[in-house]
Amino acid sequence: MMKIAAVDDEMHVLERFERIIKNYKDVELCGLFEDGEELLAYLKDHTLDAVFLDIEMPGVSGLELSSPILDLNIEITIVF
């Protein structure tokens with residue numbers, strides 16, 4: 001089973017993402033995060049196969065967030 005998470009500063013986008021992902025039985029949605037720091041804290045103790053990132057967010061953008069994500073897990077797939 002593929003383990004994934006998503007980061008977006010808009011909760012309605014995360015809720016829609018969750019509704020779409022529920023249709024895929026071979027995918028486990030492990031987290032919905034409103035900022036990158038929450039995701040990085042999660043990744044310190046959990047392994048994901050893929051993460052979906054919003055590019056434009058206040059503070060740290062999705063592009064900037066990709067580097068520390070890869071530092072924690074070089075095998076992870078990042079989708080913008």
Side-chain angles (χ1 to χ4, degrees):
M1 177 166 297
M2 178 179 273
K3 294 182 177 186
I4 66 168
V7 181
D8 197 302
D9 59 309
E10 298 180 57
M11 183 51 77
H12 72 277
V13 173
L14 292 173
E15 291 167 349
R16 183 167 186 223
F17 182 83
E18 181 178 30
R19 285 192 304 272
I20 292 168
I21 292 301
K22 284 184 178 181
N23 294 316
Y24 297 91
K25 296 184 189 311
D26 57 342
V27 176
E28 179 184 353
L29 181 58
C30 297
L32 298 171
F33 303 97
E34 290 185 87
D35 67 60
E37 294 301 320
E38 292 175 356
L39 173 68
L40 293 175
Y42 181 85
L43 286 174
K44 289 180 182 175
D45 296 321
H46 302 88
T47 301
L48 296 173
D49 298 301
V51 63
F52 292 76
L53 303 179
D54 180 11
I55 292 176
E56 293 186 32
M57 295 184 289
V60 177
S61 74
L63 294 173
E64 295 168 327
L65 185 57
S66 64
S67 182
I69 290 171
L70 291 170
D71 288 343
L72 292 169
N73 179 356
I74 193 69
E75 300 291 323
I76 198 165
T77 298
I78 298 175
V79 181
F80 296 100

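Computed from heavy atoms alone, side chains included, the values below leave out hydrogens, waters and symmetry copies.
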### Message
Rounded to the nearest 0.5 Å, what separates atom CG in Leu72 from atom OG1 in Thr47?
### Response
10.0 Å

#### Entry: Nearest-0.5 Å distance, CG of residue Leu14 to CD1 of residue Ile21
11.5 Å

### Task
Spell out, yes or no, whether Leu40 and Val51 are grouped together once hydrophobic residues are joined by side-chain heavy atoms under 4.5 Å, including indirect joins.
yes

### Query
Distance from Leu48 atom CG to Glu28 atom CD, nearest 0.5 Å?
9.0 Å

### Message
Just verifying a value: how many Å separate Leu70 CG and Glu75 CD, rounded to the nearest 0.5 Å?
### Response
10.0 Å

### Query
Any link between Leu32 and Leu43 through a network of hydrophobic side chains (Ile, Leu, Val, Met, Phe, Trp, Tyr) touching at under 4.5 Å?
no

### Message
Just to verify, what does Tyr42 make a ring pair (Phe, Tyr, Trp, His ring centres under 6.0 Å) with, not counting sequence neighbours?
### Response
Phe33, His46

### Query
Do Val79 and Val27 share a hydrophobic cluster (ILVMFWY, side-chain heavy atoms under 4.5 Å, transitive)?
yes

### Message
With a 4.5 Å cut-off on side-chain heavy-atom distances among I, L, V, M, F, W and Y, is there a chain of contacts connecting Leu29 to Met1?
### Response
no

### Message
Looking at Phe80, I'd like to know if its CZ atom is crowded, meaning that more than 12 non-hydrogen atoms belonging to other residues, nucleotides or ligands lie closer than 6.0 Å.
### Response
yes

## Note on the structure
Which of Ile69, Ile76, Thr77 passes side-chain contact (heavy atoms from CB on, under 4.5 Å) with Asn73? It is Ile76

### Query
Which distance, rounded to the nearest 0.5 Å, do you find between the OH of Tyr24 and the CD1 of Ile4?
10.0 Å

### Query
Can Phe52 be reached from Leu63 by stepping across I, L, V, M, F, W or Y side chains whose heavy atoms are under 4.5 Å apart?
no

